[in-house]
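Throughout, a chain's letter reflects where its sequence line sits, starting with A, and its residues are numbered from 1.
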Amino acid sequence: MFNYFANPVRFLRLTSKLQPITMFVASVTIGLGLYYGLVKSPPDYQQSETVRIMYVHVPAAWMAMFCYVAIACSSAVALIWRHMLANIIAKSTAPIGASFTFLALATGSLWGKPMWGTWWVWDARLTSVLILFFLYLGYMVLYNAFDDQSRGARAAAILSIVGVINVPIIKFSVDWWNTLHQPASVIKMDGPSIHPSMLTPLILMAVGYTALYFWLLFVRTRAELNANKVRMMSIQQVET
Amino acid sequence: MAGKSIQVFFKLIQREILLAIRHGSDSCMIVLFFVIVVVLFPLSVGPEPGILTRISAGIIWVSALLSVMLSMDRLFQSDYEDGNLDLLILASEPLELIVLAKTVAHWLTTGFPLIIISPVLALFLNMDTSGYSTLLIALTLGTPTLSLVGAIGAALILGARRSGVLLSLLVLPLFIPILIFGVSAVDASLTNLSSKPQLLILGGLFLAGLVLCPWASAAALRQAAE
Amino acid sequence: MAGKSIQVFFKLIQREILLAIRHGSDSCMIVLFFVIVVVLFPLSVGPEPGILTRISAGIIWVSALLSVMLSMDRLFQSDYEDGNLDLLILASEPLELIVLAKTVAHWLTTGFPLIIISPVLALFLNMDTSGYSTLLIALTLGTPTLSLVGAIGAALILGARRSGVLLSLLVLPLFIPILIFGVSAVDASLTNLSSKPQLLILGGLFLAGLVLCPWASAAALRQAAE
Amino acid sequence: MTSFSGKKLTCIRGERVVFNDLDFSINEGEVLYLKGPNGSGKSTLLRLMAGLLRPVNGTLTWNNKNIYQDEGLFRSLTHYVGHQDAVKTALTVEENLRFWAEMNSDIKEKSTVQKALQEFSLDSFSTLPARFLSAGQRKRLNLARLCTTWAPLWLLDEPSNSLDSDSVNVLTAAISTHQKKGGIVAIATHENLDVHSNSLDISMFTNFKIKSRDYDGW
Amino acid sequence: MTSFSGKKLTCIRGERVVFNDLDFSINEGEVLYLKGPNGSGKSTLLRLMAGLLRPVNGTLTWNNKNIYQDEGLFRSLTHYVGHQDAVKTALTVEENLRFWAEMNSDIKEKSTVQKALQEFSLDSFSTLPARFLSAGQRKRLNLARLCTTWAPLWLLDEPSNSLDSDSVNVLTAAISTHQKKGGIVAIATHENLDVHSNSLDISMFTNFKIKSRDYDGW
Ligand code: HEM
Ligand SMILES: Nc1ncnc2c1ncn2[C@@H]1O[C@H](COP(=O)(O)OP(=O)(O)OP(=O)(O)O)[C@@H](O)[C@H]1O
Ligand SMILES: Nc1ncnc2c1ncn2[C@@H]1O[C@H](COP(=O)(O)OP(=O)(O)OP(=O)(O)O)[C@@H](O)[C@H]1O
Ligand SMILES: [Mg+2]
Ligand SMILES: [Mg+2]
């Protein structure tokens with residue numbers, strides 16, 4: 001099955017159908033999520049209205065980690081089986097993931113000012129997310145740093161696999177070190193410990209972000225594939 | 001076979017050190033760079049001893065980090081340029097072993113001298129004497145990890161443009177945990193707390209690096225030769 | 001003849017910038033390095049806003065200095081390695097002019113972006129807003145001098161080993177005056193004093209560098225080609 | 001009988017197909033010349049043979065065994081001499097050669113290295129730092145590696161570049177000796193070395209008109 | 001009549017005397033081959049002729065005028081092609097050549113560059129980044145510089161290295177044309193190019209038996 005979809009032509013055909021679907025899902029769930037989150041859900045008894053930043057912040061942080069893992073996985077596939085498509089998926093994911101990371105960082109600091117009284121502290125959770133952001137940037141720069149595209153792809157793939165060690169550190173930093181940041185309450189072994197009125201918009205937003213990710217991914221990979229084709233055609237033209 | 005491998009391992013270390021010596025004052029140069037960067041801070045921050053004392057551990061660690069990073073970029077570059085890398089990859093020993101030997105030699109010629117000189121700089125920055133021993137231990141545990149992690153970066157940038165800046169970009173974020181624990185170990189013992197947890201983490205990072213980094217570097221080198 | 005020279009001058013700048021663009025994200029990389037180094041400091045010094053505010057000007061200047069220095073080492077190196085340097089020396093225009101063109105292009109692709117990004121970092125380090133304009137002026141006067149002086153170092157190290165570390169050693173001491181006046185200009189305006197004397201000195205250094213540095217670099221290049 | 005062969009090799013470099021469906025086979029005591037105009041892929045094929053590059057398609061076999069099955073073993077059977085000279089300028093001529101000799105085998109006697117230097121008339125330079133060598137002398141130092149340790153497969157990329165005529169004779173003699181001992185040699189060259197040999201014209205496999213399906217969806 | 005000559009040239013490199021009391025002279029329409037075994041100093045002499053190196057002793061004259069008197073002028077009269085290819089891999093083939101053409105003269109027409117590319121059969125690559133070129137193609141791109149702008153003195157260091165036979169013919173044709181136009185050429189080479197010429201055996205001036213005092217204090 002994997003090989004079946006690894007064929008770029010089939011991939012293009014498939015994604016041309018999926019693209020409008022994901023766009024639709026993304027806009028509906030994000031719209032609903034924002035409505036429930038910002039209007040319908042109750043303010044927190046401790047944090048009052050500022051809690052609403054959560055609906056933007058938390059799913060963004062999840063997506064930041066998810067995208068990185070996606071890059072690492074498709075990089076591993078690209079290194080082992082040498083599928084060009086896997087490289088292109090990894091390459092296209094990077095800026096999206098970096099944007100989610102930036103969003104998590106920005107909303108986190110906006111939230112931190114009222115909650116902790118400062119924009120930024122150098123605790124383990126925050127620092128490891130910042131490192132994640134730098135890893136994204138490093139990945140993108142390394143990808144483009146070579147005269148030969150395929151060299152860049154391979155070097156960046158290795159970097160992304162090395163950097164994956166940072167993801168569990170982000171996830172568990174709140175458990176391993178005592179930090180200002182609050183520990184997990186949704187994704188944990190014994191089920192979520194958060195009130196349903198807050199959980200619903202959170203889940204809606206998470207689904208929406210994921211759909212948004214796939215939509216952007218499809219747009220970018222298709223563009224990338226077409227750009228490759230153009231490049232190939234221009235080189236062929238030269239040679240005939 | 002194992003005997004041969006060990007022999008090759010030491011042969012390589014010996015050659016790298018010989019090269020470093022022939023090249024004159026390589027280690028000297030790195031120590032000097034270390035000193036200059038440390039000196040820049042009092043210049044830019046102003047000489048008030050209070051502030052300096054407060055940030056001395058941080059300055060020494062940041063400078064050590066920058067020095068190791070700067071010395072890193074030639075680790076494989078010259079072999080890559082003069083064609084020796086092709087031959088090292090084609091040698092019958094595993095490339096991981098060769099990479100490890102080069103990394104060890106790199107640490108012996110750069111990280112090690114930094115450790116030796118650091119107490120003098122700590123004195124210069126008015127660091128409290130109670131932090132010295134922790135600083136030394138933390139550097140001893142931390143600098144080899146810097147070399148190991150840096151080797152990955154050095155291998156990845158082969159053939160890239162602006163390799164110097166690129167290397168820093170790749171490697172500095174990975175150095176950050178070492179910096180944080182290194183500094184906080186010293187700060188802990190300066191405030192009479194136990195620095196054991198931080199030192200244990202540094203040790204753990206070192207062991208993890210020792211196992212994982214040579215693999216990653218070797219993989220990066222193989223793709224660089226393509 | 002003069003017309004031809006000016007034409008060659010702009011032709012060279014154009015080519016260098018074209019090369020920088022083709023190489024993708026060169027300027028980006030330097031800006032990123034600048035940001036990372038600035039970020040290292042709060043990490044190592046600790047996040048207390050008081051201390052950070054106090055040393056923010058110093059941090060920005062030290063980081064700018066290190067970034068320019070790191071970006072310097074490829075200025076002539078790639079031309080040297082691929083044989084273009086021989087041809088540039090043999091071109092009928094004076095080598096001084098060629099060096100100046102390359103330096104200008106270097107500043108446009110490195111120093112200039114640093115100036116653009118510096119207010120953001122100043123914000124991040126909690127610098128007082130009263131220092132912003134002086135910081136910008138001081139950087140605008142100081143970074144071209146860094147490029148000019150750095151070019152001498154970049155020319156001197158051609159063909160040397162460990163060029164990265166060697167360059168820093170040659171160039172950092174020469175950068176120190178710029179650092180000192182740059183920081184003290186900002187500090188002066190932060191304490192509501194006039195920063196004019198320091199800025200005048202920075203301007204003077206720039207003019208002196210503009211006249212003297214290309215000669216020195218050209219001489220260094222000529223001997224490197226021997 | 002030792003044999004080295006490749007089947008249906010396809011190689012892509014820098015996003016271009018360099019050659020396609022290339023077959024070759026070399027037996028004990030044979031020399032294969034790789035011929036072809038500039039850019040036809042001779043150097044690429046040699047790097048592929050050495051295992052530095054991987055083919056996108058096709059197999060390389062040594063004695064009918066895929067070389068990637070035991071790479072360590074295969075590598076100990078090969079001597080590769082590339083475009084670059086693999087000379088450390090800070091070490092002396094002898095130290096350079098000795099290092100590679102010791103990396104590749106357990107030899108202890110000084111004589112092997114000394115003999116190889118003599119063969120390529122570098123013995124008078126043996127204690128000189130290699131930075132003093134001219135282009136041709138460096139090439140000779142690189143070639144001297146071939147004679148220090150035995151490896152059945154020699155892969156030589158334009159070995160006669162910048163060699164003077166005496167040195168070219170030394171090289172052809174070394175190749176002939178290697179042939180007689182049952183070695184296998186592949187040489188990419190534009191000049192005709194005076195060695196009994198087969199030749200392979202690479203340009204036959206270079207498909208300059210690349211069919212668009214090769215790049216489908218790249 | 002233009003002439004280029006050197007008198008009593010002595011050159012020291014890396015603390016060694018490379019050659020001593022060397023005289024040469026080339027007149028309009030002449031080609032001088034520099035011959036000699038590896039390390040005899042051919043490349044060194046060419047760099048000296050180009051003005052990249054200074055002799056320790058002796059003078060170089062162009063039309064009986066010392067070349068150091070007006071270096072700018074002399075440099076505009078020379079084309080030097082060294083061991084290295086002076087190719088920027090990030091620029092396209094045409095951009096590479098165009099830059100040097102525009103550096104060396106005021107030419108504006110595209111045709112000159114295009115014609116030079118055609119001559120060395122690089123025209124089909126002109127919009128390709130130079131990183132895609134093989135060893136021989138790079139050499140050709142470097143040689144194409146010779147045909148973009150007129151300079152009477154050509155200094156070529158092993159120009160036929162890694163060229164295929166077609167390209168060698170193009171090169172010899174270019175040299176012959178240059179000769180006919182009254183140009184002066186000096187070539188260091190180990191191969192015999194098919195060009196009417198004189199030759200200078202450098203090894204006559206090289207002191208191969210290095211006296212121990214040359215190394216005193218090493
Ligand atoms: C720039 C600063 C911040 C960063 C980088 C950051 C990062 C993250 C990350 C990576 C997660 C995902 C954790 C996981 O899945 O286990 C997360 C979740 C979360 N963050 Fe933040 N955060 C920041 C600031 C804040 C602040 C100021 C608050 C509020 C006090 C906050 C509250 C939360 C909450 C409630 C969650 C959800 C935890 C859960 O239920 O699983 N964060 N943050
Ligand atoms: N590092 C590289 N990256 C991308 N493409 C390359 C690289 N090296 C060579 N090529 C391409 O591969 C093709 C074959 O190159 P190769 O160097 O193998 O040719 P060659 O036969 O050795 O030529 P020459 O006789 O000029 O040395 C060339 O057309 C070139 O475009
Ligand atoms: N960069 C250098 N530094 C010091 N000595 C050098 C340098 N280059 C060459 N030499 C010395 O100068 C002598 C002449 O070298 P040169 O490169 O001119 O020889 P060549 O005639 O071009 O030889 P080849 O045919 O091998 O290219 C050599 O014996 C060498 O020892
Ligand atoms: Mg080749
Ligand atoms: Mg030569």
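The line from CG of B/Leu87 to CG of D/Asn142 is 7.0 Å long, rounded to the nearest 0.5 Å. The distance from the CG atom of B/Asp86 to the NE2 atom of D/His83 is 11.0 Å, given to the nearest 0.5 Å. The CE atom of D/Met103 sits 10.5 Å away from atom NZ of B/Lys11, with the distance rounded to the nearest 0.5 Å. To the nearest 0.5 angstrom, D/Arg47 atom CZ is 8.5 Å from B/Leu90 atom CG. Rounded to the nearest 0.5 angstrom, D/Leu52 CG and B/Arg222 CZ are separated by 11.0 Å. To the nearest 0.5 Å, atom CD of residue D/Glu102 and atom CD of residue B/Gln7 are 7.5 Å apart.
Other residues, nucleotides and ligands place more than 12 heavy atoms under 6.0 Å from the CZ atom of B/Phe9.
Contacts between D/Arg145 and chain B at a heavy-atom distance below 4.5 Å involve the side chain alone, from C-beta outward. For a residue to count as touching a neighbouring chain, one of its non-hydrogen atoms must lie under 4.5 Å from one of that chain's; by this rule D/Glu95 touches chain B with the side chain only. At a 4.5 Å heavy-atom cutoff, B/Gln223 makes no contact with chain D through either its backbone or its side chain. Using a 4.5 Å cut-off between heavy atoms, B/Ile98 touches chain D through its side chain atoms alone.
Scanning all heavy atoms of the two residues, the minimum distance from B/Glu93 to D/Arg75 falls at O-NH1, 3.8 Å. When every heavy atom of B/Tyr80 is checked against every heavy atom of D/Gln84, the shortest pair comes out as O-NE2, 3.7 Å. Contact record, D/Val87 with B/Asn84: N-ND2, 4.0 Å, taken as the closest heavy-atom pair. Closest non-hydrogen pair, D/Gly72 versus B/Ser92, comes out as O-CB, 3.9 Å.
The candidate from D/Leu53, D/Leu48, D/Asp85 with the greatest count of non-hydrogen atom pairs under 4.5 Å with chain B is D/Leu53. Most heavy-atom pairs under 4.5 Å with chain B: of the set D/Phe74, D/Trp100, D/Tyr80, this distinction falls to D/Trp100.
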